[in-house]
Protein chains: 2
Amino acid sequence: MSSEHPTEPDGSDTKDRARRTDAKRSFNALVQAARDVFASSGVDAPVRDITGKAGVGTGTFYRHFPKRGDLIAAVFRNEVDSCADAAPALAENHPPLEALAAWLHRYSEFIATKRGLASALHSGNPAFETLPAYFDARLRPALSQLLERAAKAGEIRTDLDADDIISAVANLSMPARTARPDHTRRVVNIFMDGLKSR
Amino acid sequence: MSSEHPTEPDGSDTKDRARRTDAKRSFNALVQAARDVFASSGVDAPVRDITGKAGVGTGTFYRHFPKRGDLIAAVFRNEVDSCADAAPALAENHPPLEALAAWLHRYSEFIATKRGLASALHSGNPAFETLPAYFDARLRPALSQLLERAAKAGEIRTDLDADDIISAVANLSMPARTARPDHTRRVVNIFMDGLKSR
DNA sequence: TGATAAACGGAACATTGTTCCATATATGGT
DNA sequence: ACCATATATGGAACAATGTTCCGTTTATCA
């Protein structure tokens with residue numbers, strides 16, 4: 001489900017050869033290493049930290065991500081993919097309301113842990129311009145699926161759509177400066193309670 | 001009104017000599033140069049750009065601002081001071097409602113042009129920890145003064161306090177990605193209309 | 001006016017971003 | 001299985017920027 005090669009342009013291939021397997025391996029290793037390093041050191045971490053953890057040279061890094069923002073965008077896309085892909089899995093293994101709650105917390109964690117995200121989106125960097133659309137395209141269907149299932153079961157109110165909920169939970173999950181540790185989880189729970197039909 | 005030396009600790013001076021005048025001059029030159037450079041190149045502008053414009057050496061820079069965040073915080077404090085100081089001046093020279101509207105636009109512009117602000121506040125950098133309290137301490141009284149004056153004249157509703165308005169206008173002023181040029185000014189105007197008593 | 005501590009400037013050093021290219025390797029045709 | 005070739009790789013070299021250090025200058029006070 002998750003696209004390991006997110007930005008392939010139109011299907012036209014003037015290329016006579018396919019992308020080499022070592023290139024794919026490097027690409028994935030870099031995205032994964034970057035995710036770890038970003039989590040511990042923030043999105044401004046040195047390139048050498050990432051290449052070191054990925055076990056590739058700096059030249060390889062710049063071959064795959066000519067602009068630094070390209071890597072950050074790839075990491076975000078990768079994480080959004082994981083989050084979206086969690087929805088069908090949850091739907092299969094849990095009752096409707098439970099699956100919905102679990103996914104909202106999953107999504108909330110994604111927002112809360114990505115400090116750099118909001119800044120990146122507002123930075124004006126062209127590498128990030130397509131991200132919001134991508135987020136929407138992946139997350140809305142994922143949530144819609146869970147919502148519809150819960151709505152069919154008559155377990156939630158129906159006067160909010162996926163968009164409302166995605167942005168509401170995002171705002172709730174923005175880490176507040178003065179918040180107690182479990183703050184986000186609690187407010188999202190409250191929101192979730194409000195979502196239930198009475 | 002504006003404090004040119006914002007972070008002097010408790011009044012106790014164990015110091016036998018006062019701060020030298022050239023030190024004050026350098027400090028102010030740096031803050032002013034930084035404000036200009038930040039405006040044109042963002043808060044990540046090279047240190048040498050700032051020292052160059054200020055006409056001081058890099059050593060002087062680090063003597064005044066051991067951490068880069070210290071400078072950014074100083075610039076923000078400086079701008080908040082300007083904004084707060086505008087309130088009494090507007091109150092003297094304009095009718096209540098007009099003064100209030102003018103100040104809200106002034107404040108809105110401050111928020112809108114400081115892209116780096118929100119990111120800085122959420123960055124977890126300890127240099128910024130005291131900023132929100134400072135903002136509140138300076139801006140709330142400034143706005144309260146204008147609100148009370150307009151309320152006494154019976155020109156505005158009274159079921160919103162300064163805090164509500166400060167945060168509401170801040171949210172309205174956050175530059176949206178897809179917004180048309182004059183977007184912020186228009187929505188702030190609408191908010192201002194809503195504020196009038198009927 | 002002279003002694004002194006404070007402040008200054010900028011070279012030197014440290015860190016990180018980016019480019020370049022000689023070398024290594026996957027791929028498709030034979 | 002082997003070769004020719006485009007592709008990918010690694011890391012040294014370079015560039016840009018952050019930060020420290022210290023010899024020199026200057027404001028302040030007695």
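Lettering of chains follows the sequences in order, A, B, ..., and the numbering in each one begins at 1.
If you take CG of A/Asn28 and C1' of D/dA8, they are 15 Å apart, rounded to a whole angstrom. Summarising the geometry, the separation between CZ on B/Phe65 and P on D/dG18 is reported as 15 Å, rounded to the nearest angstrom. Separating the CG atom of B/Asp44 from the P atom of D/dA16 is a distance of 17 Å, rounded to the nearest angstrom. When the P atom of C/dT18 is taken as reference, atom CG of A/Asp70 falls 11 Å away, rounded to whole Å. Taking atom CZ on A/Phe61 and atom P on C/dT18, their separation rounds to 8 Å, with Å as the unit.
For A/Arg35, the side chain to side chain contact (heavy atoms under 4.5 Å, CB included) criterion is met by A/Gln32, A/Val75, A/Glu79, not counting sequence neighbours.
A close approach under 4.0 Å does not occur between any side-chain nitrogen or oxygen of B/Tyr62 and OP1 or OP2 of D/dT20.
Ionic pairing of B/Arg25 and B/Asp22 is not present here: no N-O contact between side-chain nitrogen and carboxylate oxygen is shorter than 4.0 angstrom.
Between A/Phe65 and A/Phe61, the two ring planes are tilted [angle within 30° to 60°].
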Can you list, pair by pair, the side-chain donor-acceptor contacts under 3.5 Å of residues 43-59 of chain B, counting residues two or more places apart and other chains?
unit_1: B/Thr51; atom_1: OG1; unit_2: B/Val47; atom_2: O; d: 3.4
unit_1: B/Thr51; atom_1: OG1; unit_2: B/Arg48; atom_2: O; d: 3.2

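Counting only N and O atoms by type, the side chains of B/Asp81 and B/Tyr134 include a donor and acceptor under 3.5 Å apart. In this model, a donor atom of one side chain and an acceptor atom of the other lie less than 3.5 Å apart for A/His105 and A/Asn189.
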Tell me, for nucleotides 7-12 of chain C in 5' to 3' order, what letter each nucleotide earns: B for a base near a protein heavy atom under 4.0 Å, S for only sugar-phosphate near one, - for neither?
-> BSBBBB
